[in-house]
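One structure is given here, and the rest of the page talks about it.
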Amino acid sequence: MVKRGRKQSSQAQPEEEQRTAKQIKQDVKPGGSGGDSSLFSSLPISELTHKAIREIFEYQRMSPVQHETVAPLLKGHDLLAKAKTGTGKTLAFLIPTIEKLCSAGRPHPLAIRAVVLSPSRELAMQIADEAEKLLTFHKLNVVVLVGGVKITRDYKSLEKPADIVVATPGRLQDHLQNTPGFRERLSSVETLVLDEGDQLLDQGFRAEIDRIIQQLPKNRQSLCFSATVPDSLGAVLSVALRPDFKTINCVGEEDTDTHARIDQAYAIVDMSQHTLGLYSIIKKEMSENPTDYKVICFLPTARQTQFFAEALNFAGVKALEIHSRKSQSNRTRVSDEFRAASCGVLLSSDVSARGVDYPDVSMVIQLGCPSTREQYVHRLGRTGRAGKNGKGLLMLGPWEAGFQRQDLKDLPLDEATSTVHAAILEFGDETSMARSVSRVNEDTRTQTYQAWLGYYNSSLRRWKWNKDKLVAMGNQMSSEVLLLDEPPALLAKTVGKMGLTGVAGLKVERGGGGGEDHQGRCGRGGEGAGKGEAVARAEAVVRKRRWQG
Ligand SMILES: Nc1ncnc2c1ncn2[C@@H]1O[C@H](COP(=O)(O)OP(=O)(O)OP(=O)(O)O)[C@@H](O)[C@H]1O
């Protein structure tokens, strides 16, 4: 069942409703000038778009970012816009983009006239859905081009007119290189939108974005939207925007990038308590909001996401998982299921960190350090959207505590370490959790170990670690989180690629059979052990921990 608003207990309803209504008003109140200029009806746009906003979206007032950006965009300016998460940036760029297209006819039947780029597939699909709703009464087409979908499906979609293409950079570049005629079709582009522009212009996507932009007409209008605009963005914006671009910042100078209505907290939790801590906090949220808990937990890597999801499911918490190791059809199904659910738990890698609009998320948990401060802000922004309340909990290992102290020092995070410990006491059972972890597939645990090493290896300087320390910490994770007797063996090739050849404590498998570590010991991290042995091992780990106090 699709839920439209958070359910309230009957007693709390009037006050809660009033509060929510007030917050929505704040989010949609006109930015500064006030009055009726914030009504959609005051916008000089086509009647067909007005009709969609009225009848399909049923919105009356623009949010501040819509109020401040739509008018200059209708005048044709290039724009960099910053506004907090969940405040309606999607419509802010779609309305002017569509208006420009309907004010003139197609230059030729297959012309691509607007390109919207998104860093993730799920976000691209969501933007395309929103565009289709806005185009309900227009005769314009939207085509989505994202990775993970059979290219033949793209060819089919591209047989029709594609006035607006919403794409991830990799797939768009693939078409540029390999699809006959695609490059020519792009020569009609009038508008380029970079949603989550800071991420698109960052290192990860930069080369693809540069190549795409080279193919677009110079006289296009370009827009860049995000909830975070790091200083480094200034230097690369000239690639996408014309030099006289406007900047609109809907986050006041004195304000923070996050919403005051989201209660933010952090907890410093020992590695050995991460699984139990996560389980217990989710159980607490479920018991406090039995009919409307909706939790997203972000993990640093796809494999950690998979590991914790499997462990939680064995422990009796139904958890969905979404990450890059899943097929696109599975990702889309999971995303749709979580969007429509009134209650649920979703474990996600950063594929859902930005832009994705799941309604009524009650809590965002971040277990492990996010890659950047910006990523923290975007992940947190999956709750507290469109004027609603929300909660965020950042759970860090002791070695990561500096992230909260340094990178988030201007954000209002309360310390909640004792809350996590209290939740563990109330809801956790170490032996039963150890049994659940032992049931997690051996391959998942090996891959989680490898991914963990990869994630921390890519930022050694941030942790002030050398390679020996990295491996020591990884092995601690293998023992305390994955509950393996010995760290799993990694292929020599993988170890070489990570630059870890010769590092003490790493077990290396030289193709086939068991592994040998750099001290010459043999074994394979519990592989091949039966279920009974795995549980016995888990219980031994718990016993050992108790002995060690
Ligand atoms: N004018 C409006 N009135 C009421 N609700 C709105 C309005 N505009 C957008 N919304 C709703 O607000 C929610 C958030 O919008 P949207 O996803 O565009 O936010 P965003 O600013 O792009 O967020 P993010 O920074 O996370 O990408 C959506 O559910 C959307 O339908």
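Indexing begins at 1, ligand by ligand and atom by atom, following the structure's order. What you see is a predicted model; the values in this text were computed from it and never measured.
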*Quick one: do Glu190 and Arg106 make a salt bridge, cutoff under 4.0 Å?*
no
_I'd like to check which ligand 1 atoms, numbered from 1 as shown, lie under 4.0 Å from a non-hydrogen atom of Arg61._
1 (N), 2 (C), 3 (N)
*Can you list the ligand 1 atoms lying under 4.0 Å from a non-hydrogen atom of Ala386?*
12 (O), 13 (C)
*Just by modelled atom types, is the Val251 backbone N or O under 3.5 Å from a matching donor or acceptor in the Asn249 side chain?*
yes
*Side chain, backbone, both or neither: His378 near ligand 1, heavy atoms under 4.0 Å*: neither
*Arg382: numbered ligand 1 atoms lying under 4.0 Å from its heavy atoms*: 26 (O)
*Cation-pi geometry met for Lys82 and Phe225 (6.0 Å, 45°)*: no
*Taking only heavy atoms of Glu196 into account, list the atoms of ligand 1 that are under 4.0 Å away from them.*
27 (O)
*With sequence neighbours excluded, what pairs up with His77 under the side-chain contact (heavy atoms from CB on, under 4.5 Å) test?*
Pro72, Lys75, Lys246
*Does the side chain of Ser226 pick up a donor-acceptor pair with the side chain of Asp198 at under 3.5 Å?*
yes
*What atoms of ligand 1 come within less than 4.0 Å of a heavy atom belonging to Ser63?*
1 (N)
*Under 4.0 Å, heavy atoms only, figure out whether ligand 1 is touched by the backbone of Phe40, its side chain, both or neither.*
side chain
*Establish, yes or no, whether the cationic atom of Lys51 lies under 6.0 Å from the six-membered ring centre of Phe137 and within 45° of the ring axis.*
yes
*asked:* Which of the numbered atoms in ligand 1 are under 4.0 angstrom from any heavy atom belonging to Thr87?
replied: 19 (O), 20 (P), 21 (O)
*Can you find an N or O of Arg385 that's nearer than 3.5 Å to an N or O of ligand 1?*
yes
*What atoms in ligand 1 come closer than 4.0 Å to a heavy atom of Gly86?*
14 (C), 19 (O), 20 (P), 21 (O), 23 (O), 24 (P), 25 (O), 26 (O)
*When Lys84 is tested against each of Asp255, Thr256, Asp257 for side chain to side chain donor-acceptor pair (under 3.5 Å), which residue passes?*
Asp255
_Under 4.0 Å, heavy-atom basis, I'd like to know which part of Gln66 is in contact with ligand 1: side chain, backbone, both or neither._
side chain
*Taking the minimum heavy-atom distance to atom 9 (C) of ligand 1, which of Ala353, Cys250, Gly88 ranks first?*
Gly88
*asked:* List ligand 1 atoms under 4.0 Å from Asp357, heavy atoms only on the residue side.
replied: 13 (C), 14 (C), 17 (O), 28 (C), 29 (O)
*asked:* Which label fits Phe40 and Tyr59: parallel for a plane angle under 30°, tilted from 30 to 60°, or perpendicular past 60°?
replied: parallel
*Tyr293 and Glu288: side-chain contact (heavy atoms from CB on, under 4.5 Å), yes or no, with the steps?*
CA-CA 8 Å; Tyr293 68 88; Glu288 285 171 3; over 6 Å; no
*Taking only residues two or more places apart in sequence or in another chain, which ones pass side chain to side chain donor-acceptor pair (under 3.5 Å) with Thr448?*
none
*Relative to atom 22 (O) of ligand 1, which among Thr228, Thr90, Asp360, Ile53 owns the nearest non-hydrogen atom?*
Thr90
*Quick one: does Lys89 get an N or O within less than 3.5 Å of an N or O on ligand 1?*
yes
